[in-house]
Amino acid sequence: MATTDLIVAGFGGQGILFLGEILARAAVLEGKDVTWLPSYGPEQRGGTATCTVVIGDETIGSPVVADPAIVIVMNRPSLDKFEPRVRPGGLVIINASMVDRSVRRSDVRVIEVDAMPQAAALGDARMANMVMLGALLAAAPVVSVEAVGRALRDHFPPPHAPQAAANIAAVARGLTLGLRREPKRASSIGA
Amino acid sequence: MATTDLIVAGFGGQGILFLGEILARAAVLEGKDVTWLPSYGPEQRGGTATCTVVIGDETIGSPVVADPAIVIVMNRPSLDKFEPRVRPGGLVIINASMVDRSVRRSDVRVIEVDAMPQAAALGDARMANMVMLGALLAAAPVVSVEAVGRALRDHFPPPHAPQAAANIAAVARGLTLGLRREPKRASSIGA
Amino acid sequence: MSRIVIDRELCKGCQLCAVVCPPGVLAFSVTLNSRGYHPAVLADDARCTSCTACALVCPDVAITVFRPEPAGAGVAR
Amino acid sequence: MSRIVIDRELCKGCQLCAVVCPPGVLAFSVTLNSRGYHPAVLADDARCTSCTACALVCPDVAITVFRPEPAGAGVAR
Amino acid sequence: MTRALMKGNEAIAESALRAGVRAYFGYPITPQSELPEYMARRLPEHGGVFLQAESEVAAINMVYGAGGAGVRAMISTSGPGFSLMQEGLSYLVGAEVPCVVVDMMRGGPGLGNIAPAQGDYFQATKSAGHGDGRLLVLAPSTVQEACDLTLLAFDLADRYRNPVAILGDGLLGQMMEPVVLPDPVTPVRDTAWATTGAGRGPARVITSIDLEPEALEAHDRHLQDKYRCAQREVRWESYRLDDAGIVIVAYGIAARVARTAVDRARAGGLDAGLLRPITLFPFPSQAVRDAAGRARAVLVVELSAGQMVEDVRLAVEGRVPVRFYGRCGGVVVTPPEVLEQIEKAAADVGAGRRVQAGGTS
Amino acid sequence: MTRALMKGNEAIAESALRAGVRAYFGYPITPQSELPEYMARRLPEHGGVFLQAESEVAAINMVYGAGGAGVRAMISTSGPGFSLMQEGLSYLVGAEVPCVVVDMMRGGPGLGNIAPAQGDYFQATKSAGHGDGRLLVLAPSTVQEACDLTLLAFDLADRYRNPVAILGDGLLGQMMEPVVLPDPVTPVRDTAWATTGAGRGPARVITSIDLEPEALEAHDRHLQDKYRCAQREVRWESYRLDDAGIVIVAYGIAARVARTAVDRARAGGLDAGLLRPITLFPFPSQAVRDAAGRARAVLVVELSAGQMVEDVRLAVEGRVPVRFYGRCGGVVVTPPEVLEQIEKAAADVGAGRRVQAGGTS
Amino acid sequence: MKQVFGRPPVLTAAPTHYCPGCTHGIAHRLVAEVIDELGIRGRTIGVASVGCSVFAYDYLDVDFQQAAHGRAPAVATGIKRVLPDRVVFTYQGDGDLAAIGTAEIIHAANRGERITVIFINNAVYGMTGGQMAPTTLLGMRTTTTPAGRDAAQAGYPLRVAELLAPLPGVAYVSRAALSSPAQIHKAKRAVRRAFQTQLDGRGFSIVELLSTCPVGWGLEPIEAMRWLETEMIPVFPLGDLKVPGTGGA
Amino acid sequence: MKQVFGRPPVLTAAPTHYCPGCTHGIAHRLVAEVIDELGIRGRTIGVASVGCSVFAYDYLDVDFQQAAHGRAPAVATGIKRVLPDRVVFTYQGDGDLAAIGTAEIIHAANRGERITVIFINNAVYGMTGGQMAPTTLLGMRTTTTPAGRDAAQAGYPLRVAELLAPLPGVAYVSRAALSSPAQIHKAKRAVRRAFQTQLDGRGFSIVELLSTCPVGWGLEPIEAMRWLETEMIPVFPLGDLKVPGTGGA
Ligand SMILES: Cc1ncc(C[n+]2csc(CCOP(=O)(O)OP(=O)(O)O)c2C)c(N)n1
Ligand SMILES: Cc1ncc(C[n+]2csc(CCOP(=O)(O)OP(=O)(O)O)c2C)c(N)n1
Ligand code: SF4
Ligand code: SF4
Ligand code: SF4
Ligand code: SF4
Ligand code: SF4
Ligand code: SF4
Ligand SMILES: [Mg+2]
Ligand SMILES: [Mg+2]
């Protein structure tokens with residue numbers, strides 16, 4: 001299908017919405033249709049944050065996704081919540097730094113990335129979200145790496161160029177990790 | 001028909017609503033059904049006051065009357081307004097003290113009562129409304145004179161007995177005048 | 001021409017003018033105006049001082065007040 | 001038993017207690033509690049005076065303060 | 001049984017007293033001010049609270065407080081004030097606080113005028129403010145019925161823990177009719193939910209917030225279940241309906257005018273009849289459907305530009321033509337006008353079986 | 001054409017700026033606060049007025065003042081605030097003051113929650129507060145459409161001298177999508193009626209009171225005539241409707257979910273289609289009737305306990321069964337749920353002609 | 001003879017609908033005169049409230065908006081904000097301003113809206129038939145305080161001028177009485193100064209005019225005037241409470 | 001060892017939903033302690049408002065009603081009038097009390113309702129994301145005053161305690177700050193005195209508690225405390241503004 005839907009989930013403060021937004025901006029740059037939907041409200045404070053992104057070549061119908069093709073989980077509660085919802089054959093990308101169990105289903109592809117030390121190594125553990133984004137691009141090229149780069153540079157215009165560069169480096173690191181790592185289980189392909 | 005509908009109309013301050021209320025109370029005393037409907041609102045101040053009373057042996061439908069069987073008009077504007085609305089064969093009772101013309105229609109009965117001097121002679125020109133009520137009872141006994149008397153006595157309980165008496169006297173005067181005076185035109189009977 | 005002119009139709013017969021008139025020259029018509037009020041009338045023009053007190057309190061702004069021109073004023077114009 | 005007890009799960013790591021503690025004996029855990037905060041810990045029980053300042057400012061009422069009984073008090077009871 | 005001659009507004013007030021109302025809050029507005037004025041005189045004598053609030057907004061929230069504290073509480077108003085109460089009503093519904101709300105409708109929109117109208121039908125019957133809540137809505141057409149429905153309103157409010165509206169109009173409020181006042185009752189009420197100070201028991205909470213969508217949905221479904229249950233409270237009156245080919249549907253004062261028109265139509269040999277909804281929510285849809293099923297046409301008469309007619313159309317579902325006749329802005333329909341509409345309807349759909357002229361059933 | 005990625009709330013604000021809005025008044029409430037916040041940053045730059053009022057009641061009356069003074073004025077809110085504006089809206093309608101009102105619906109009743117819902121449909125479409133007035137109501141389902149309808153809303157408000165509501169939900173307000181923003185317009189407006197200081201001319205009056213029932217009735221009829229005229233503004237979108245045996249009717253965000261469900265149903269060989277009302281008042285009754293005429297069943301999907309379904313039933317008039325599926329309290333329907341409802345409908349009324357599986361039209 | 005007193009041009013020829021002796025008419029005249037004297041007729045916009053003065057626009061020949069009950073200050077804010085060079089005033093009763101409109105008047109004042117408020121304090125709700133207002137005196141009988149206003153049940157007379165004067169946005173606050181030629185003279189000065197305050201861009205200005213409601217009070221007009229002087233003025237002291245240039249923030 | 005400080009019984013065990021460092025938690029504790037100390041738990045009814053403290057009923061173990069935004073004083077009036085021997089208090093934020101609820105607080109105060117108001121002034125709308133409140137300081141940036149509050153556009157910080165204190169129905173008004181152990185001690189005394197005023201049947205009582213909203217202010221909790229002390233207290237002076245027995249009608 002020409003539409004990919006994914007959910008990013010984690011703690012507030014882990015950059016969940018930002019991950020989704022960069023993805024969405026990259027999709028816009030590629031001329032795609034996209035919807036970006038935050039969980040908003042009380043959960044924002046301290047609790048869980050989730051973000052749903054749907055990217056498509058044509059007009060997107062539902063921005064609400066019950067059974068995502070892809071989930072990116074940044075912490076354990078998010079894995080517990082979203083693992084059961086992934087579509088069979090879908091993809092689960094796990095921030096292993098904050099998740100102390102592995103996936104139980106066998107009908108989904110799984111990628112685990114120890115994103116926080118990786119990001120910390122690049123200067124800021126909070127860029128773990130970008131590492132995860134890179135890993136996503138490796139496993140499911142929903143947008144091009146170039147578009148993500150442009151989106152980050154647009155978001156951090158020249159005075160903030162170093163931040164753009166740092167984030168891009170984090171994405172690149174994730175990409176490398178993702179490409180290196182064969183999905184752990186893959187009972188079916190496609191997302 | 002077992003239902004009589006009438007409209008009383010005049011200036012604010014002429015006791016329009018009170019006339020209607022005594023009539024309604026008399027009807028209640030006689031076990032009849034009755035509706036009493038004031039014009040309310042801005043007209044109250046200085047302007048026109050009207051009151052619609054419907055008396056019936058059975059449940060009354062509309063308390064709103066477009067084509068009354070009887071109208072009691074206390075001033076000229078009220079005659080102008082209500083003369084055309086009286087049902088053919090209906091009754092128009094005119095306070096001649098305040099109305100300087102006579103009725104133009106020929107298909108209604110008309111009684112003219114110079115109520116104000118009559119009431120003044122009884123001690124208070126403001127009792128003209130009761131004189132008119134008496135005249136009504138003479139021409140169309142919608143309730144009994146006794147019931148009207150009781151209604152007035154109920155309304156002015158013992159400490160105010162003199163007022164009750166004065167009002168009853170005014171009703172009696174109107175009754176006498178009404179009985180003496182043959183309706184001026186009567187192309188048909190019944191109200 | 002009298003010193004004050006009362007608009008008979010605007011007047012509501014509230015009598016406020018009468019109580020504030022220093023010389024007490026205002027009275028009330030026995031007849032009603034078209035709206036059912038007994039309008040105020042100037043009972044004694046001679047004693048009116050054109051003080052405007054009546055006009056100031058009249059809620060219906062029914063009173064116009066005139067004052068004789070100072071002697072010779074007519075010529076100056 | 002230490003002079004103050006901090007409820008690790010109630011604490012949100014706001015650090016208000018630490019700044020008001022006169023002897024400055026409060027510190028923060030490097031590990032997170034289940035709600036993702038670094039809770040306060042009593043670093044030096046010996047210097048705590050049981051003054052309750054920390055407890056008074058704690059928005060989460062996470063601190064219980066104890067004071068040694070005056071000598072002999074235990075007997076009196 | 002002694003009959004008193006009373007104004008609709010006062011009769012409602014007196015009946016509320018007899019129903020055991022303990023608190024009245026309100027803000028003056030024509031054409032219902034006799035109601036609070038009556039309460040101001042009488043309620044304190046009965047040991048109740050009368051308070052003129054600073055606004056309708058404050059008043060409805062005082063009702064929330066008093067109702068939530070477990071007493072029978074009441075408020076009355078007219079159009080503009082009713083609009084201002086919408087948020088409060090939504091809270092009352094959401095928190096399931098019973099109360100009685102009287103709206104004596106007047107001409108609108110905006111400041112409009114103070115003459116009788118029925119233009120608040122939608123607002124009263126379709127939604128209690130925002131969200132999915134509803135009021136139960138009763139529409140008296142005589143002063144006697146205003147008394148009776150006031151008692152019923154308090155009972156329904158308790159039974160469903162939901163605000164109940166009495167939807168009248170300025171005319172009903174201002175007119176006098178003989179009434180047999182109800183005997184005072186000492187209501188037996190379950191107020192185990194009310195916040196009366198916890199004593200030694202667990203604390204109670206009156207609230208309408210639930211951040212968890214699933215939980216709020218469950219609550220909303222619970223409310224809808226109540227409304228479904230309330231279907232059993234449906235009331236209406238039939239008048240000369242059995243053999244009616246032209247069915248008039250009208251409520252409140254319009255229905256009384258229509259009743260007289262029906263008599264006149266019958267006298268003229270036309271087979272008109274009247275169905276008068278007494279509960280507007282729940283609406284007597286089945287009764288309307290049944291009557292329409294036997295008729296050639298339905299004629300809805302309202303003092304509005306056409307509001308209840310939608311509920312009638314929903315009930316009739318196209319089985320027979322539904323005609324509408326309305327006056328608005330405070331103009332009241334009269335019997336001859338309605339008669340004319342009956343005649344027109346008869347002319348359009350065929351006069352049907354000739355009924356025997358004259359005689360009131 | 002550059003596409004910007006924007007939140008619905010911000011896109012509406014930016015479009016309003018481009019539509020020439022000169023005054024925004026509002027009071028914070030989730031889930032629409034981005035809209036006033038955007039206005040606070042941008043409107044003054046455009047020489048317009050941003051004012052955070054002391055309440056929604058004050059805000060809507062400021063809109064009355066500014067709108068009545070002849071400028072494009074706007075307000076936004078969510079459920080509880082919308083309830084508080086009902087009296088003001090009735091005045092705006094009565095005095096014929098144009099303005100645009102945004103309601104980003106959330107879970108109710110009462111304080112409810114801040115999750116997306118569609119429970120204010122009745123309140124928005126059936127009556128502008130008390131009396132017989134109406135809002136024109138537009139329901140965008142994408143951020144792009146939110147932009148486009150914002151422009152339209154200002155135009156319709158001017159054309160009909162009536163408040164126009166944009167009825168969205170928290171989800172639409174909070175989500176981002178790419179949008180092509182409209183070019184700024186300099187509206188050509190006839191404001192000869194506005195109170196701008198009379199100059200040497202005769203004084204003008206903005207009012208909604210008329211004590212004379214006949215005169216107020218004439219005014220009400222004038223309003224109703226406008227609403228009849230406004231029928232020409234009816235808008236809806238059809239999606240795979242031509243050969244649809246199961247017609248889903250849904251608006252706003254529910255319609256988008258339904259659209260995906262339709263694709264899935266088609267992929268599964270079911271002949272589902274979608275009719276999405278864009279104007280909720282006037283409602284596209286004829287379009288619904290036509291679509292229903294060709295269908296075996298109609299399925300209404302809403303984020304409420306069932307409100308628009310009444311307008312659908314009024315349109316369908318019993319020709320085919322009208323089914324309802326709603327979630328409420330802030331729970332949002334999902335494509336699989338709607339698909340399940342389509343399947344159930346198909347099972348009940350017969351699967352009909354098998355359509356070719358797959359492919360998006 | 002020279003005319004020394006007559007109807008100001010801004011006052012229309014229409015007879016008012018007010019009860020005999022009601023001082024709304026006097027207040028109207030003062031406003032009309034000030035608008036004439038300041039030469040601002042063509043750029044003044046009035047805001048009528050809900051109360052007996054709802055039809056103020058029939059009597060004052062300037063542009064007018066009729067506001068919902070209590071909301072005149074919000075409506076005036078809306079107008080003044082988009083037309084800052086116009087003169088905007090509200091004309092409000094005490095039910096309107098001091099009860100349902102409390103939030104609106106306080107916040108318009110606190111924002112220092114450059115509007116002028118003519119506040120008619122007649123201690124009662126006139127239009128709806130004489131119910132208690134926030135300004136009703138203690139012990140005073142009204143249709144909703146049949147035994148007289150009892151502070152324990154219904155609170156105290158609200159002194160609006162005193163409430164608003166301390167707010168920094170407020171530039172001019174004065175209270176006057178429409179009870180005698182001399183007081184009316186002072187009232188006129190206050191009204192003029194209030195409008196002048198607005199013209200000078202100084203901030204919010206309000207004049208509270210103690211007024212009669214003979215019908216609501218159940219008194220003859222002359223008695224009502226006297227009652228105003230003897231009963232109301234002691235509770236609502238007269239004079240300027242704040243003048244521009246003092247006590248701002 | 002003897003416990004000298006611990007959670008009062010009226011405070012439930014539930015962890016609050018407040019942001020780290022938010023002083024709502026301190027205010028809750030003070031109220032809980034006072035209810036415990038006065039022994040009125042079983043006959044106290046709280047009224048929660050709309051703001052971050054909407055769930056006060058989860059933390060204070062007494063009967064509670066949750067009121068519509070700004071209407072807590074009206075709700076409390078409704079309760080107190082029908083249950084005069086219960087202790088009724090509201091707990092309101094500054095958006096709730098000083099903006100949308102202005103009319104309700106003024107009239108409850110003016111009527112001398114025998115209720116106690118705990119008023120949390122944190123200079124901002126916390127719950128909705130940091131918009132301007134009537135109490136926002138001049139120059140302070142909020143999401144709706146992105147360039148800082150400008151008096152010419154958005155008016156002045158509203159001093160609620162000063163506004164209410166002169167009203168005769170008001171018996172006790174105090175302002176305290178939740179900014180240090182010493183100030184919190186004083187705040188506790190004020191809260192206790194407010195409840196005592198109600199128990200004594202003296203009239204309306206209110207305590208304005210200057211509070212922090214670290215998240216709305218964009219400051220760390222410690223910085224927020226400091227900002228409260230250095231910036232807010234000068235604008236909102238602390239202390240008793242009125243005590244029972246003074247200045248009544
Ligand atoms: C929302 C609303 N509530 C109530 C009313 C009814 N009402 C009309 S005028 C009025 C009070 C008028 O009193 P006041 O403001 O003192 O003016 P006055 O007539 O005394 O000059 C009221 C309550 C209304 N029109 N709208
Ligand atoms: C009628 C209405 N308008 C607006 C809102 C949205 N709202 C919720 S809380 C709030 C303000 C809260 O601020 P405050 O009272 O200062 O409390 P805080 O969160 O700062 O403690 C607002 C405007 C609402 N719920 N209801
Ligand atoms: S102008 Fe003065 S003296 Fe003349 S009538 Fe009037 S008040 Fe009396
Ligand atoms: S004051 Fe005016 S209205 Fe009153 S009586 Fe005198 S002239 Fe007439
Ligand atoms: S009790 Fe006093 S000394 Fe001990 S930790 Fe707390 S603040 Fe520090
Ligand atoms: S004040 Fe309380 S919540 Fe904050 S860090 Fe200290 S113990 Fe934890
Ligand atoms: S009711 Fe009172 S305020 Fe209204 S016009 Fe009559 S006297 Fe004047
Ligand atoms: S937003 Fe502000 S007031 Fe609300 S909980 Fe957080 S810090 Fe406290
Ligand atoms: Mg008044
Ligand atoms: Mg706050």
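Residue numbers begin at 1 in each chain, while the letters A, B, ... track the order of the sequences.
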Q | Residues of residues 18-31 of chain D within contact distance of chain H, non-hydrogen under 4.5 Å | A | D:V19, D:V20

Q: Kindly write out the residues that satisfy ring pair (Phe, Tyr, Trp, His ring centres under 6.0 Å) with H:H28, not counting sequence neighbours, or none if the list is empty.
A: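 Here the qualifying residues are H:Y18, H:Y59, H:Y91.
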
Q) At a heavy-atom separation under 4.5 Å, does D:I63 approach chain H through its side chain, its backbone, both, or neither? A) backbone

**Q.** Any residue meeting side-chain hydrogen bond (donor to acceptor under 3.5 Å, both in side chains) with H:E223, in chain and number order, not counting sequence neighbours
**A.**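 Listed in chain order: nothing, the list is empty.
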
(Q) Heavy-atom pairs under 4.5 Å with chain H - which of D:S50, D:A55, D:C58 has more of them than the others? (A) D:A55

Q: For chain D, find its close neighbours in residues 184-197 of chain H: heavy-atom separation under 4.5 Å, sorted by number, or none.
A: H:I184, H:H185

(Q) For a quick check under 3.5 Å, do H:S205 and H:Q198 share a side-chain donor-acceptor pair by atom type? (A) no

Q. Can a donor-acceptor pair be found between the side chains of H:T12 and H:D58 at a distance below 3.5 Å?
A.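 Checked: H:T12/H:D58 side chains show no N/O donor-acceptor pair below 3.5 Å.
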
Q) Hey, does D:L56 have a side-chain heavy atom less than 4.5 Å from the side chain of H:F5? A) yes

Measure [X] against the heavy atoms of chain D and call it side chain, backbone, both or neither at under 4.5 Å.
X	value
H:S180	backbone
H:L11	side chain
H:A13	backbone

Q) Where do D:L16 and H:I222 land on the side-chain contact (heavy atoms from CB on, under 4.5 Å) test, with the steps shown first? A) CA-CA 6 Å; D:L16 291 178; H:I222 294 171; 4.1 Å; yes

Q. Would you say D:D45's side chain and D:R3's backbone share a donor-acceptor pair under 3.5 angstrom?
A.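 Yes; judged by distance alone, with no hydrogens or angles, the pair exists.
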
